[in-house]
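The structure presented is a predicted model; accordingly, all values stated were derived computationally and were not measured. Each chain gets a letter, A, B and so on, in the order the sequences are listed, and its residues count up from 1. What you see below is based on every heavy atom in this structure, not just the backbone, and it leaves out hydrogens, waters and symmetry mates.
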Number of protein chains: 2
Amino acid sequence: MIERYLLRYFLAVVEHGNFTRAAESCNVTQPTLSVGIARLEESVGQRLFHRSNRRVDLTPTGAQFAEHARRIEAQFNLAEVAMKQRQPEAIIRLGVLATLPTSMVADIAKALGGIDGIRTEFVEGRASELQDRLDAARIDLAITTEPQGRLRDSFEPVASEGYGLALPASHPLAERTSIAAHELADNVMLVRRHCELLTATSQHFTARGVRPFFAARSRSDDRILALVAAGVGVTVMPDCFVVPGVARVPMEDFTHVRTLGVLMREADAVPEAVVARVRGVLAERIGGAWGDGG
Amino acid sequence: MIERYLLRYFLAVVEHGNFTRAAESCNVTQPTLSVGIARLEESVGQRLFHRSNRRVDLTPTGAQFAEHARRIEAQFNLAEVAMKQRQPEAIIRLGVLATLPTSMVADIAKALGGIDGIRTEFVEGRASELQDRLDAARIDLAITTEPQGRLRDSFEPVASEGYGLALPASHPLAERTSIAAHELADNVMLVRRHCELLTATSQHFTARGVRPFFAARSRSDDRILALVAAGVGVTVMPDCFVVPGVARVPMEDFTHVRTLGVLMREADAVPEAVVARVRGVLAERIGGAWGDGG
DNA sequence: TTCGATCATAGACAGCGTCTAGGATAAACC
DNA sequence: GGTTTATCCTAGACGCTGTCTATGATCGAA
């Protein structure tokens, strides 16, 4: 197999007409270049040079090969400069909380898609998992809730929201402004398995003597919402989940709030344009916005 | 520096969309290919693939590089087949006796120049030197006199000739049909230092009481002939030396003869066409031809 | 949770590209 | 004729680096 370094040796000899000087120009010794040419001639199956102790000149075959070699070497250089000219494509690995609505993630993706030379990679998980990934430098930016512990100072809150019931638009309680736990005693419940407040919600109902029937458990919010819209049951979820066919009503005495924001290892780990757009989508989609966005 | 094997690895991954199978197709292990791609990406200064454990796909940079890589690979293959198609150029290393006229060597060169795909290399020397080179496989064919010793059977005689005086065309004896040694007593002699018969010639004159003055000694027959034509002196040389301005006359009682022919290690070491043309020139240029040539 | 598929990493090995040393050849010079 | 100089080749040792085996990490699917 003809390797590139042999081509470089060959062209050096063609240029200098002399093994010794060619070797110098390649920064190798003359014997090295000598065996290199021999190797090339063997793999080509042809003699490329007529050697004498006075001068070295190309055979007709060698002359033909020189054209090929020059062309190939030129192509290599072309490829190298072409690659150098490209500015490296930045890849932003974005961790998003699994309990963010699919449509919101889609909005973020759309917002970031418009930035030139930046490619986004999405990873989803729970808040603690996102923190671990951030620590391990496996993501660059997380859209998550306020962290516990060491990364606390790096968190930049953007918007906060409460939790409420999601129930079919045709449900008798759908038009209410508030619903108490005991009113749901006969309702079928759907469990969002990855919900941050799974235990808190459970405790809320048991503390009020309500033991609803659990018809389905899923890690997919989209599936749960589809079931709600289909009239299968009701569930508890953050306020930002708003889809057609599903009514959202606050629950009495259920005052849990989550604050969403961005979390980074260092302030400038991610281009500001990216962070700004993420902030924008969050503020737009979630009621209680923070900071300058109003 | 981008080496060719890295290009092959890269293209294999592009083709298979998968490091593991690409590695198989390259007959290396997956880690080998992995570090290869990493190395390539480093020397290119750009990420070429987006990797996940599900699939591998090209970055925009990678896609551009793939075009270059394919072009280069194609060029390599082109060069390789171009070289394969060429039939190897045969080099015939021809040893010629130094005491052959320059014009005869030129005639041989011309005769062999017409044979396609064959290149001739001339080496000159004395008969014994040519034999040594033939033994050492440093020449393929020798045009020489009948050898002594082991190579005797390999010799194929072609033509034989005598020796005679070479003297200026304007010399008083130029028109004679034969000249005796004593007639040259007042003449200036020129010595052809590499002549096979140097000692024999010397003895011929001293035996007849003639001690000529030696005006010049040279290894170059051409120079000696020029001096003869210029009227500087006379010399003894094989009959085949015939040039304008120099008369050739036989010497009385000087019956030495040399038989010229071709000498090879093996019968088919050299293409018959080459041997035939050499024979042709020899027979044409020298009087007493041998064999079928008449 | 476990399993299978995938790519990355680490350390050992060995192949081969490279080096130093020395040989051969031939032209040029004294 | 012998010596010097310039050139390329060969032989053997060395060491870089390309390759391997073994293992880890990740992710999706059963």
If you compare every side-chain N and O of [X] against the phosphate oxygens of [N] (OP1, OP2), does one of them come in below 4.0 Å?
{"X": "Thr32(B)", "N": "dC20(D)", "answer": "yes"}
{"X": "Tyr5(B)", "N": "dT17(D)", "answer": "no"}
{"X": "Ser34(B)", "N": "dA8(C)", "answer": "yes"}
{"X": "Arg8(B)", "N": "dG18(D)", "answer": "no"}
{"X": "Arg39(A)", "N": "dC16(C)", "answer": "no"}
{"X": "Thr20(A)", "N": "dC8(D)", "answer": "yes"}
{"X": "Asn18(A)", "N": "dC8(D)", "answer": "yes"}

For this session: Supply the atom-to-atom distance Leu130(A) CG to Thr145(A) OG1, rounded to the nearest 0.5 angstrom.
Result: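 If I round to the nearest 0.5 Å, the distance is 8.5 Å.
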[atom1] of [X] versus [atom2] of [N]: gap in Å, rounded?
{"X": "His16(B)", "N": "dA5(C)", "atom1": "NE2", "atom2": "P", "answer": "18 Å"}
{"X": "Arg4(A)", "N": "dG17(C)", "atom1": "CZ", "atom2": "P", "answer": "17 Å"}
{"X": "Phe49(A)", "N": "dT7(D)", "atom1": "CZ", "atom2": "P", "answer": "16 Å"}
{"X": "Asn27(A)", "N": "dG17(C)", "atom1": "CG", "atom2": "P", "answer": "18 Å"}
{"X": "Arg51(B)", "N": "dG28(D)", "atom1": "CZ", "atom2": "P", "answer": "18 Å"}
{"X": "Glu41(B)", "N": "dC7(C)", "atom1": "CD", "atom2": "C1'", "answer": "12 Å"}
{"X": "Glu24(B)", "N": "dA5(C)", "atom1": "CD", "atom2": "P", "answer": "12 Å"}
{"X": "Asp57(A)", "N": "dC8(D)", "atom1": "CG", "atom2": "C1'", "answer": "14 Å"}

For this session: Give a yes or no on whether the backbone of Gln46(A) and the side-chain of Thr61(A) come within a donor-acceptor separation of less than 3.5 Å.
Result: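 Not a single qualifying donor-acceptor pair exists.
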For this session: Would you check if the side chain of Arg4(B) reaches a backbone N or O of Glu73(B) as a donor-acceptor pair within less than 3.5 Å?
Result: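 Not a single qualifying donor-acceptor pair exists.
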Exercise. Where the side chain of Phe19(A) is concerned, which of dC7(C), dC27(D), dC8(D) is the nearest nucleotide?
Worked result: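 Between dC7(C), dC27(D), dC8(D), the one nearest the side chain of Phe19(A) would be dC8(D).
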For this session: Give a yes or no on this: more than 12 heavy atoms of other residues, nucleotides or ligands lie within 6.0 Å of atom CZ of Arg86(B).
Result: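 Yes, enclosed.
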Exercise. Is the shortest side-chain N to carboxylate O distance from Glu3(A) to Arg8(B) below 4.0 Å?
Worked result: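 Yes, charged N to carboxylate O under 4.0 Å.
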Problem set entry | Contact nearer the 5' end of DNA chain C, comparing Thr29(A) with Gln30(B) |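 Upstream on the strand: Gln30(B).
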Exercise. If you find the nucleotide of DNA chain C closest to Val123(B) and the one closest to Pro31(B), which residue's nucleotide is nearer the 5' end?
Worked result: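 The 5'-side residue here is Pro31(B).
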Exercise. Mapping Arg133(A) and Arg193(B) to their closest nucleotides on DNA chain D, which lands nearer the 5' end?
Worked result: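 Looking at DNA chain D, the more 5' nearest nucleotide goes with Arg193(B).
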Exercise. How is Val56(B) classified with respect to the nucleic acid when contacts are heavy atoms under 4.0 Å: base, sugar-phosphate, or nothing?
Worked result: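 Here Val56(B) touches the backbone only, sparing every base.
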